[in-house]
Amino acid sequence: MDDKNKMKGIVYLSIGIVTLIALIAGATYAYFKAVTGNEANANINVGAGTTDNLTFTKGSDLTLNVSADNLSKGDGLGVSQNTNVTATLVANNTTNEATKTYNVYLEIIENDLEYSSFTDPDNTLPNLVFKNEYEKTLGNNRDYNGLTKGYDPRPELLLTIEGPTNFDKEIEGLKKATLQNEDDSYDITELREGIYALAEDFQINVSKGDVDHQKTDTWNIKVTFKNLNSDQQLNTNKKFSARIIIQAEKLANDISDVCKSGDNIANCIQQLHDKSVYGASNLIFHDGKDDPTRGETLGALEAGDNSYRYTGSYEKVNNYICLGTDCSSNKDNLFRIVGTFGEDGIKVVKADYANKELLGAGTTKPSGDLSQADPETNGAYANVTYSAAVTEEEKDAFTHRYKGNLTEVDRYKWQENGDDKTAANWTTSLLNRIHLNNKYISTFNVTYQNLIKEHIWIWGNKNATWDNIAGGANAKIVYDNELGDLIDKETLKTTEPEKIGLLYVSDYLYGASLNNWSKQPKIETWDYTSDGTKKDKFNNPVGSFPEHEIDNDYRSATDSNWLYMGLWEWLITQRYDYTNGTMSPVRTFGVYATGYVGTALAVGTSASVVRPSFYLESNMTKYKGGTGTVSDPYILDV
């Protein structure tokens, strides 16, 4: 009997121990799963109430479509939309007190609204401002290259935020709408695509006296397009789209948020994309699929090459990288990362244009081997510069469009004069063989020369025509005909492996924020009307730079494309369908000063600025520090 009782005791004890272990294991797993969950709005804890619990509710997207009906009301109200998001903290049942922090962001997905223009030749209306002194000299009612020169500075798109009592209404990057006596609103009329922190590390507290030992913060956020008593037709059919992100984690903005010294930069770029959203990282993964959680909503227009590319405005994209011992005093060492391209490596482009000190000033074609030429004697230097004292058009481009810091910019031809038969041939061009892959590559020390990867550059095929490239329906069509599935392999033109090249047309197009990818690089569809007058398809006369045309090609994307620098710049791709009677293509694509993609003769007087581009070896490019800004670029562990 005693043996039986002893056995029962052992069994009960064993069952009790197993049960206790199961309870402990279950509780431990629940806690571990909660704190390591990668969902943006995951609870900090689940289960028995022994720890604190922070949860969020998301609101609806904010979308405004400005129509002629909105503009004709005349009621001063316009159209608005609001959304609510919340953060709720439940305290543990031990102390009934808790403190946590969370973050609230405004992600602008699309905004093409502008401050309205109006005709005021006599300067009689108040608040007339100009974006610079040059515009003032053109007169209030003059349209120059499609840019209206008079502006009504009163805010038209307003953001209103009603938050918790401890919300600080001074928000970095947002300006108060004081000109319209909207003291509690922010003027976001021309605030472009990106992430704007409304509150970071915002504290929420639960005290013992709070009902149910919990606290809820409610954020009511509203956007309003105001109907003013002025001509606002400039904003007809324009759109604003945004969403509010509320979560415990801060959004990653640059590589330093996700990587440490010694990590591979290509992997860091991928991690930055995966741990953030488009508006914060300015990175798009071009897998051809939508990813709405990250703000990537145009998968059908992506390249589909599985690249990670930077996209967005010149000021917002933090992708600067220093390829030298010093970039603070030597800006020629400063580059920007285009993206990562799998086995091809990390593509970079010089942050500013290259001058003759880097490329050479040779002006004649050598008689022998191009690789042995003297770049100071032989080459395609045009012996002319962009500066503030050339033609009126170039003066405008250099003084008011150019985004760099050079006092003058040297220009280069593709070939020397008279060489029509091989004019647009990149393989034999003097710009390539003498200035870039002879002189320019020699300006790097051996360490950085070894980092630059030899690459087979594609520079043409018979489908790289005007209609498919400059006139391509969208960025995806251009990419497919330039580098992708629609290239003609029988006429494909490539180089031998070499280190230095230029940007592709599709590189430039994908540099713009994604809402521009559906635009043509250049709209130029002229036709003759019945009376013999030459008009474009919107019935505008030649030379008028009509707004409808500009709004639908890359002239309207200059403010949201970090690769737009403001001057006429060579790209690498040959235009196949223009031969000038020589049986060989003689024109090459490039970016015009106004932002669209056009072509220029590779011989003759055509001369453009040069921005070298190349690929870095992915497995050798290691991160050491920096945040990617122009003043704090990424530096390499070399």
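The first residue in the sequence is number 1, and the count goes up from there.
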Residue pairs fulfilling side-chain hydrogen bond (donor to acceptor under 3.5 Å, both in side chains) with at least one residue in residues 161-175, sequence neighbours excluded: Tyr115-Lys175

Backbone of [Y] reached by a side-chain donor or acceptor of [X] within 3.5 Å:
{"X": "Asp632", "Y": "Thr627", "result": "yes"}
{"X": "Trp562", "Y": "Ser513", "result": "no"}
{"X": "Arg192", "Y": "Ile108", "result": "no"}
{"X": "Asn264", "Y": "Asn267", "result": "yes"}
{"X": "Asn92", "Y": "Asp52", "result": "no"}
{"X": "Asp344", "Y": "Tyr615", "result": "no"}

Just checking, any donor-acceptor pair under 3.5 angstrom between side chains of [X] and [Y]?
{"X": "Asp352", "Y": "Tyr402", "value": "yes"}
{"X": "Gln520", "Y": "Tyr596", "value": "no"}
{"X": "Asn111", "Y": "Glu193", "value": "no"}
{"X": "Asn516", "Y": "Lys519", "value": "yes"}
{"X": "Thr216", "Y": "Thr88", "value": "yes"}
{"X": "Asp290", "Y": "Thr297", "value": "no"}
{"X": "Asn306", "Y": "Asp287", "value": "no"}

Which residue pairs pass the disulfide bond (SG atoms under 2.5 Å apart) test with at least one member in residues 233-265, sequence neighbours excluded? Cys259-Cys268

Would Lys347 and Tyr510 count as a cation-pi pair here, with the cationic atom under 6.0 angstrom from the ring centre and within 45° of the axis? no

Find out whether the Lys NZ or Arg CZ of Arg336 is both under 6.0 angstrom from the six-membered ring centre of Tyr314 and within 45° of the ring's axis. yes

Is any side-chain heavy atom of [X] closer than 4.5 Å to a side-chain heavy atom of [Y]?
{"X": "Tyr320", "Y": "Leu334", "result": "yes"}
{"X": "Pro521", "Y": "Leu509", "result": "yes"}
{"X": "Ile161", "Y": "Leu198", "result": "yes"}
{"X": "Asn561", "Y": "Tyr508", "result": "yes"}
{"X": "Arg555", "Y": "Tyr592", "result": "no"}
{"X": "Leu636", "Y": "Leu323", "result": "yes"}
{"X": "Leu571", "Y": "Val591", "result": "yes"}

Least distance between heavy atoms, Ala91 atom then Val206 atom: CB-CG1, 3.8 Å

Does the pair Arg243 and Glu107 meet the rule for a salt bridge (charged side-chain N to carboxylate O under 4.0 Å, His left out), with working shown? CA-CA 5 Å; Arg243 64 174 177 164; Glu107 181 181 16; 2.5 Å; yes

Criterion side-chain contact (heavy atoms from CB on, under 4.5 Å) on Leu158 and Ile188, from CA distance to verdict: CA-CA 6 Å; Leu158 302 176; Ile188 59 170; over 6 Å; no

What's the verdict on side-chain contact (heavy atoms from CB on, under 4.5 Å) for Leu64 and Val223, showing C-alpha distance, side-chain angles and the deciding distance? CA-CA 8 Å; Leu64 295 181; Val223 290; 3.8 Å; yes

Evaluate the side-chain contact (heavy atoms from CB on, under 4.5 Å) criterion for residues Leu106 and Ile195: first the C-alpha distance (whole Å), next the side-chain angles of each, then the deciding distance (0.1 Å), finally the verdict. CA-CA 6 Å; Leu106 168 70; Ile195 287 284; over 6 Å; no

Could you go step by step and tell me if Thr57 and Thr86 meet the side chain to side chain donor-acceptor pair (under 3.5 Å) rule? CA-CA 5 Å; Thr57 62; Thr86 67; 2.4 Å; yes

Centroid separation under 6.0 Å, is that true for the rings of Trp219 and Phe202? yes

Hey, could you give me each pair passing salt bridge (Lys or Arg N to Asp or Glu O under 4.0 Å) that has a residue in residues 252-274? Not counting sequence neighbours. Lys260-Asp263

Apply side chain to side chain donor-acceptor pair (under 3.5 Å) to the pair Asn318 and Thr629, showing each step before the final yes or no. CA-CA 5 Å; Asn318 293 329; Thr629 65; 5.7 Å; no

For [X], what residues pass the side-chain hydrogen bond (donor to acceptor under 3.5 Å, both in side chains) criterion, not counting sequence neighbours?
{"X": "Thr293", "result": "Asp291"}
{"X": "Glu302", "result": "none"}
{"X": "Gln203", "result": "Asn205"}
{"X": "Ser276", "result": "none"}

Check: residues 277-285 side-chain donor-acceptor pairs under 3.5 Å, at least two apart:
{"from": "Ser281", "atom 1": "OG", "to": "Val277", "atom 2": "O", "distance (Å)": "3.2"}
{"from": "Ser281", "atom 1": "OG", "to": "Leu283", "atom 2": "N", "distance (Å)": "3.2"}
{"from": "Asn282", "atom 1": "ND2", "to": "Thr311", "atom 2": "O", "distance (Å)": "3.2"}

Tyr308 vs His273 aromatic rings, parallel, tilted or perpendicular, using cut-offs 30° and 60°? perpendicular

Nearest 0.5 Å, please: how far is CG in Leu89 from CD in Glu97? 11.5 Å

Sequence neighbours excluded, the answer for ring pair (Phe, Tyr, Trp, His ring centres under 6.0 Å) partners of His213 is none

With sequence neighbours excluded, tell me which residues meet ring pair (Phe, Tyr, Trp, His ring centres under 6.0 Å) with Phe614. Phe335, Phe444

Could you go through Ile265 and Ile255, starting from their C-alpha distance and side-chain angles, then the distance that decides it, and tell me whether this counts as side-chain contact (heavy atoms from CB on, under 4.5 Å)? CA-CA 8 Å; Ile265 282 188; Ile255 287 175; 4.3 Å; yes

Evaluate side chain to side chain donor-acceptor pair (under 3.5 Å) for Asp61 paired with Thr63, printing each intermediate quantity in order. CA-CA 6 Å; Asp61 290 348; Thr63 302; 5.8 Å; no

Looking at Tyr310, Tyr479, Trp517, Phe341, which one forms a ring pair (Phe, Tyr, Trp, His ring centres under 6.0 Å) with His286? Trp517

Ion pair check, Arg309 and Asp507, cut-off under 4.0 Å: yes

Residues in salt bridge (Lys or Arg N to Asp or Glu O under 4.0 Å) contact with Asp480, at least two apart in sequence or another chain: Lys476

So, using salt bridge (Lys or Arg N to Asp or Glu O under 4.0 Å) as the criterion, who are the partners of Asp201 when residues are at least two apart? Lys250

The test is side chain to side chain donor-acceptor pair (under 3.5 Å); show your working for Thr189 and Glu156 and say whether it passes. CA-CA 6 Å; Thr189 308; Glu156 296 177 55; 5.9 Å; no

